[in-house]
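Below: the structure, in structure tokens.
Basis for what follows: all heavy atoms, side chains included, without hydrogens, waters or symmetry-related copies. Everything quoted here is computed from the prediction, not taken from an experiment. Just follow the structure's listing: the first ligand is 1, and inside any ligand the first atom is 1.
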Amino acid sequence: MKELKVGLLGIGTVGGGTYTVITRNQADIARRLGGNIRIVQVADRNLELAKQVTGGQVAVTDDAFAVVNNPEIDVVVELIGGYTVAKELVLTAIANGKHVVTANKALLAVHGNEIFKAAADKGVIVAFEAAVAGGIPIIKALREGLSANKIEWVAGIINGTTNFILTEMRDKGLAFADVLKEAQRLGYAEADPTFDVEGIDAAHKLTIMASIAFGMPMQFEHAYTEGITKLTIKDIQYAQELGYRVKLLGISKKAEAGVELRVHPTLIPEKRLIANVDGAMNAVVVKGDAVGPTLYYGAGAGAEPTASAVVADLVDIARLQGTKAEQRVAYLGYQLDQQQVLPILPIVEVHSAYYLRLRASDKPGVMADITKVLADLQISIDAMLQKEPAEGESEADIVILTHTTQEKIMDAAIANIEALPAIAAGVTKIRMEALSR
Ligand code: HSE
């Protein structure tokens with residue numbers, strides 16, 4: 001087997017991890033592969049860092065285009081992130097007939113359709129295991145391990161930062177803003193945490209998984225995204241009293257009218273394994289019609305876990321050198337010309353169960369008025385919790401869990417509940433998923 005020559009774009013956290021893993025595990029990788037993978041050039045804006053990590057063993061440059069245009073290189077590993085320069089570099093590498101490995105979920109979710117089309121035209125591989133859930137081989141599982149199945153739904157904790165924050169809120173009883181500061185101090189959260197805490201990073205990863213699961217192009221622009229910034233410790237604790245955990249879930253389901261593609265805080269029964277995935281860990285549940293629900297768990301970020309996925313992609317590419325496109329697994333599981341543009345359901349069309357928290361005067365008939373609003377819209381109540389008013393207060397918190405209904409019907413019910421004279425403030429709504437079938 002011909003040696004695979006790699007050009008690395010970016011030698012920060014994941015790039016450094018990739019260099020370390022390839023170097024440390026070279027012998028085992030060679031024994032598996034029957035050949036070698038060698039990093040021959042590294043580009044990073046920080047030349048000193050590049051020299052330090054590679055110890056002078058590899059050519060370094062601060063010009064990423066020198067790598068994608070280097071005729072010696074077979075495969076470019078893009079680890080610089082972002083949409084703009086990364087896109088140009090990836091498309092240039094493809095145009096130069098090089099395979100690409102990328103961990104860039106934002107790039108693929110937003111520009112993936114164009115990138116895969118360009119790669120198909122050139123007959124090169126674009127591999128991206130590291131783009132979703134870091135070290136968990138979820139792309140391989142969805143694309144290959146589950147290829148016998150009709151996938152019914154995918155649901156995942158696919159952002160470690162928010163899972164860390166939610167776990168700390170629950171365990172320590174702290175508010176979101178306080179835990180975020182702590183997460184930033186510990187290096188879990190970025191200085192600008194918007195992509196993580198607003199659910200955008202999770203929506204990028206969900207978009208990629210949904211495309212593979214349902215054989216459709218990337219449709220990130222239609223994803224519903226709601227983050228964790230408005231979650232209160234009160235809701236996390238009430239959910240816990242009722243036997244639920246609150247997680248930021250990415251959920252994609254094939255429904256009759258289209259595909260649900262949504263990221264939002266979600267109540268999950270605490271007895272589900274995925275409800276017990278804590279700290280910065282990730283997990284994905286995939287439901288196939290033949291296999292049933294399957295669960296994948298592991299580190300969703302970090303230098304070596306992410307490098308584990310990058311290097312596995314390099315091993316695949318090394319093995320596939322010289323093959324034709326039809327001998328390879330399709331980029332997104334389904335052949336590109338077999339993809340269907342399935343409609344993504346607006347959030348108001350989605351069906352879900354709900355957690356509602358309201359604050360009401362502690363007077364006779366109030367509960368009857370609330371339940372009548374729900375009954376009038378055929379919304380069935382699953383469980384209820386009423387707290388005693390605090391000392392000296394005349395209003396009480398009421399928590400209601402409902403059975404499944406459509407979001408627009410629930411929104412109409414909430415508007416009617418908020419119009420009742422005994423209701424003191426806006427109703428808090430959190431979606432709830434059983435994840436059982
Ligand atoms: N920021 C991401 C997370 C890791 O917190 O999971 C990279 O996708």
Side-chain angles (χ1 to χ4, degrees), residues 9-18 77-83 86 101-112 127-139 154-169 176 179-211 218 220 223 225-229 231 246-251 263-266 274 277-285 296-313:
L9 306 182
I11 195 125
T13 306
V14 179
T18 300
V77 177
E78 184 275 304
L79 300 172
I80 53 178
Y83 308 94
V101 174
T102 179
N104 192 334
K105 66 263 350 177
L107 177 69
L108 294 181
V110 176
H111 299 295
F128 54 94
E129 184 64 72
V132 181
I136 306 175
I138 186 64
I139 300 301
V154 177
I157 297 170
I158 42 181
N159 182 270
T161 306
T162 45
N163 204 39
F164 172 81
I165 293 173
L166 292 177
T167 304
E168 291 285 292
M169 285 174 73
F176 167 78
V179 182
L180 174 62
K181 271 190 220 131
E182 177 67 357
Q184 284 170 322
R185 198 183 61 77
L186 291 171
Y188 280 117
E190 307 276 344
D192 176 2
T194 312
F195 262 43
D196 290 323
V197 299
E198 296 295 357
I200 300 162
D201 173 74
H204 287 145
K205 295 166 183 167
L206 181 69
T207 297
I208 297 170
M209 290 198 291
S211 169
M218 305 285 179
F220 172 71
T225 304
E226 182 185 316
I228 62 165
T229 54
L231 263 186
V246 182
K247 296 290 181 187
L248 183 70
L249 275 196
I251 302 167
V263 172
H264 51 70
T266 312
I274 192 170
V277 170
D278 287 333
M281 300 305 275
N282 281 199
V284 181
V285 184
Y296 308 85
Y297 168 85
E304 292 206 10
T306 312
S308 165
V310 168
V311 178
D313 278 346

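Near Lys205, the atoms of ligand 1 lying under 4.0 angstrom from a non-hydrogen atom of the residue are 2 (C), 4 (C), 6 (O), 7 (C), 8 (O). Using a 4.0 Å cut-off to heavy atoms of Gly160, the atoms of ligand 1 that qualify are 3 (C), 5 (O), 6 (O). Close approach of ligand 1 to Ala301 (heavy-atom distance below 4.0 Å) involves ligand atoms 4 (C). Counting the atoms of ligand 1 from 1 in the order shown, those under 4.0 Å from a heavy atom of Lys105 are 7 (C), 8 (O). In the vicinity of Asp201, heavy-atom distances shorter than 4.0 Å reach the ligand 1 atoms 2 (C), 8 (O).
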Ignoring hydrogens and angles, write down the donor-acceptor pairs under 3.5 Å from the side chains of residues 11-18, residues two or more places apart or on other chains.
residue : atom : partner : partner atom : Å
Thr18   : OG1  : Val14   : O            : 2.8

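Annotation: side chain of Met281 is not in contact with side chain of Ile157 (no heavy-atom distance under 4.5 Å).
Using the six-membered ring where Trp is involved, His111 and Tyr83 have ring planes that are perpendicular, over 60° apart on the 30 and 60° scheme.
Across the listed options Asn163, Asn104, Asn159, Ile157, Asn159 owns the non-hydrogen atom lying nearest to atom 3 (C) of ligand 1.
Smallest separation of non-hydrogen atoms from Phe220 and Ala109: CB-O, 3.5 Å.
To the nearest 0.5 Å, the span separating CD1 on Ile139 from OH on Tyr296 amounts to 11.5 Å. Separation of atoms CG (Asn159) and CG (Leu249) is listed at 12.0 Å; rounding is to 0.5 Å.
Among protein heavy atoms, the minimum distance from atom 5 (O) of ligand 1 is reached at Thr161 OG1, 2.5 Å. For atom 1 (N) of ligand 1, the nearest non-hydrogen atom of the protein is Asp196 OD1, 3.0 Å.
Counting heavy atoms under 4.0 Å from ligand 1, residue Asn282 does not touch it at all.
A distance-only check finds a donor-acceptor pair linking the side chain of Thr207 to the backbone of Ala203 [under 3.5 Å].
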